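Written below as structure tokens is the structure these notes are about.
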Amino acid sequence: MTRRAQDSTKTLDAFLAAKFEIDAMLERLATLSADHFETSPDEIHWGHVGTLNHYRAKLREITDSAFKEGEHAN
């Protein structure tokens with residue numbers, strides 16, 4: 001195998017490892033969201049709202065970057 005082919009294989013392996021890790025994180029977040037972030041309507045307080053707003057802000061940074069929106073728009 002040539003050096004370039006080895007580099008390409010390593011690059012692909014690293015890309016796929018990152019993708020699989022992202023997929024796992026998204027799956028865990030979707031499960032947590034489906035369970036209303038482990039809260040019940042009778043337990044919701046402003047701390048929960050703050051936590052979700054924090055999560056939302058972090059996810060917004062990611063989606064804005066991925067889709068070239070918000071501050072990442074052209």
Side-chain angles (χ1 to χ4, degrees):
M1 188 181 295
T2 66
R3 179 173 171 84
R4 184 175 176 146
Q6 287 174 338
D7 288 346
S8 181
T9 299
K10 287 179 183 178
T11 302
L12 179 58
D13 289 347
F15 178 90
L16 290 175
K19 183 206 177 303
F20 294 148
E21 188 174 354
I22 289 169
D23 290 346
M25 287 188 277
L26 290 172
E27 186 175 328
R28 291 180 67 205
L29 279 171
T31 299
L32 189 62
S33 179
D35 189 33
H36 295 87
F37 295 88
E38 298 179 339
T39 60
S40 69
D42 297 334
E43 298 173 344
I44 300 294
H45 54 73
W46 285 108
H48 293 111
V49 175
T51 297
L52 285 184
N53 280 331
H54 175 74
Y55 295 167
R56 182 179 60 181
K58 296 295 184 184
L59 289 169
R60 173 81 58 197
E61 288 179 39
I62 294 166
T63 57
D64 281 357
S65 177
F67 297 107
K68 296 176 180 42
E69 298 171 340
E71 68 180 60
H72 298 278
N74 293 331

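Quantities reported herein were computed from a predicted structural model and do not represent experimental measurements.
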Which donor-acceptor pairs under 3.5 Å do the side chains of residues 66-74 make with protein atoms, sequence neighbours left out?
none

Which atom pairs, one a donor and one an acceptor, fall under 3.5 Å between side chains of residues 52-63 and the rest of the protein, sequence neighbours left out?
{"residue": "N53", "atom": "OD1", "partner": "R56", "partner atom": "NH2", "Å": "2.6"}
{"residue": "N53", "atom": "ND2", "partner": "V49", "partner atom": "O", "Å": "3.4"}
{"residue": "T63", "atom": "OG1", "partner": "L59", "partner atom": "O", "Å": "3.2"}
{"residue": "T63", "atom": "OG1", "partner": "R60", "partner atom": "O", "Å": "3.2"}

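With sequence neighbours excluded, the residues that form a side chain to side chain contact (heavy atoms under 4.5 Å, CB included) with L32 are F37, E38. For the side chain to side chain contact (heavy atoms under 4.5 Å, CB included) test, no residue two or more places apart in sequence or in another chain qualifies with T11. When the ring-ring contact (aromatic ring centres under 6.0 Å, His included) test is applied to H45, the partners found at least two apart in sequence or on another chain are H48.
Here salt bridge (charged side-chain N to carboxylate O under 4.0 Å, His left out) pairs that include residues 16-36, with residues two or more places apart or in two chains, are K19-D23.
At a threshold of 4.5 Å between non-hydrogen side-chain atoms, the residues D13 and K10 do not count as touching.
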